[in-house]
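Bear in mind that the values here come from a model prediction, so they are computed numbers and not experimental data. Values below: every heavy atom of this structure, side chains too, minus hydrogens, waters and symmetry copies.
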Amino acid sequence: SADDGAQDGVIAATGKATAAGALVGGVFGAVNAAWTDVPAVKRGDVAPAVRASFKVIGSHSLLFAATSAVFVGTDATLSTIRGKSDVYNGMVAGCAAGGVVGMRMQRIPVGVGACAAFAAMAAAVDYSKSFEKSRSERLERQLQNVPAPAKE
């Protein structure tokens, strides 16, 4: 049925976003781990340093994956339920993703602030997309009004 196709689309989009978020989070985590103090290597035992580095990488990877999954999953679900993709879907999804950050930090004010920041960013991105679309439509209309060159 159509609902199954829509549900598969939501699941696929969420899965892709989760994987991409995990990858980006892993990169950020690796950079952070390189700058973080890790246990000193003693008598050739590198295991504590490696464990500490992987803990930082894993933490970032998990946060980015969860945030991405919640954002895209919420946005796609709302688009499916509401039957339209607009700025409100992105703002609600941004707020939900911000809530993930607040839960990770275990601080309600952080969640509220991240909710507002992510919702504002989603709205700004949607606005810029609509601006670009209207700009390209104007350019296309202008090009349609240009007379064709005369054939010789």
message: I'd like to know whether CD1 of I108 has more than 12 heavy-atom contacts from other residues, nucleotides or ligands below 6.0 angstrom.
response: no
query: Does A76 have any side chain to side chain contact (heavy atoms under 4.5 Å, CB included) partners at least two apart in sequence or in another chain, and if so, which?
result: V10
- prompt: Who pairs with F54 by ring-ring contact (aromatic ring centres under 6.0 Å, His included), at least two apart in sequence or on another chain?
  reply: none
query: Is the backbone of I57 close enough, under 3.5 Å, to the side chain of S61 for a donor and an acceptor to pair up by distance?
result: no
query: With a cutoff of under 4.5 Å between side-chain heavy atoms, which Ile, Leu, Val, Met, Phe, Trp and Tyr residues group with V56?
result: none
message: If the test is side-chain contact (heavy atoms from CB on, under 4.5 Å), which one of T80, I81, T74, D75 qualifies with T77?
response: I81
message: Under the side chain to side chain donor-acceptor pair (under 3.5 Å) definition, can you give me all pairs with a residue in residues 101-119, not counting sequence neighbours?
response: S59-R104
Under 3.5 Å, sequence neighbours excluded: what are the donor-acceptor pairs made by side chains of residues 88-99?
from	atom 1	to	atom 2	distance (Å)
N89	OD1	R82	NH1	2.6
N89	ND2	S79	OG	3.1
N89	ND2	K84	O	2.8

query: Taking only residues two or more places apart in sequence, or in another chain, which ones meet V31 in a side chain to side chain contact (heavy atoms under 4.5 Å, CB included)?
result: W35
field: Pairing residues for S68 by the side chain to side chain contact (heavy atoms under 4.5 Å, CB included) criterion, not counting sequence neighbours
entry: A17
message: Let me confirm one number: the CE-CG distance from M105 to L63, rounded to the nearest 0.5 Å.
response: 6.0 Å
Give the table of side-chain donor-acceptor pairs shorter than 3.5 Å for residues 115-128, with sequence neighbours excluded, one pair per line with atom names and distance.
from	atom 1	to	atom 2	distance (Å)
S128	OG	A124	O	3.4
S128	OG	V125	O	2.8

query: If you link I, L, V, M, F, W and Y whenever their side-chain heavy atoms are under 4.5 Å apart, who else ends up in the same group as F64?
result: V24, F28
Any residue meeting side chain to side chain contact (heavy atoms under 4.5 Å, CB included) with A69, in chain and number order, not counting sequence neighbours: T14, T18
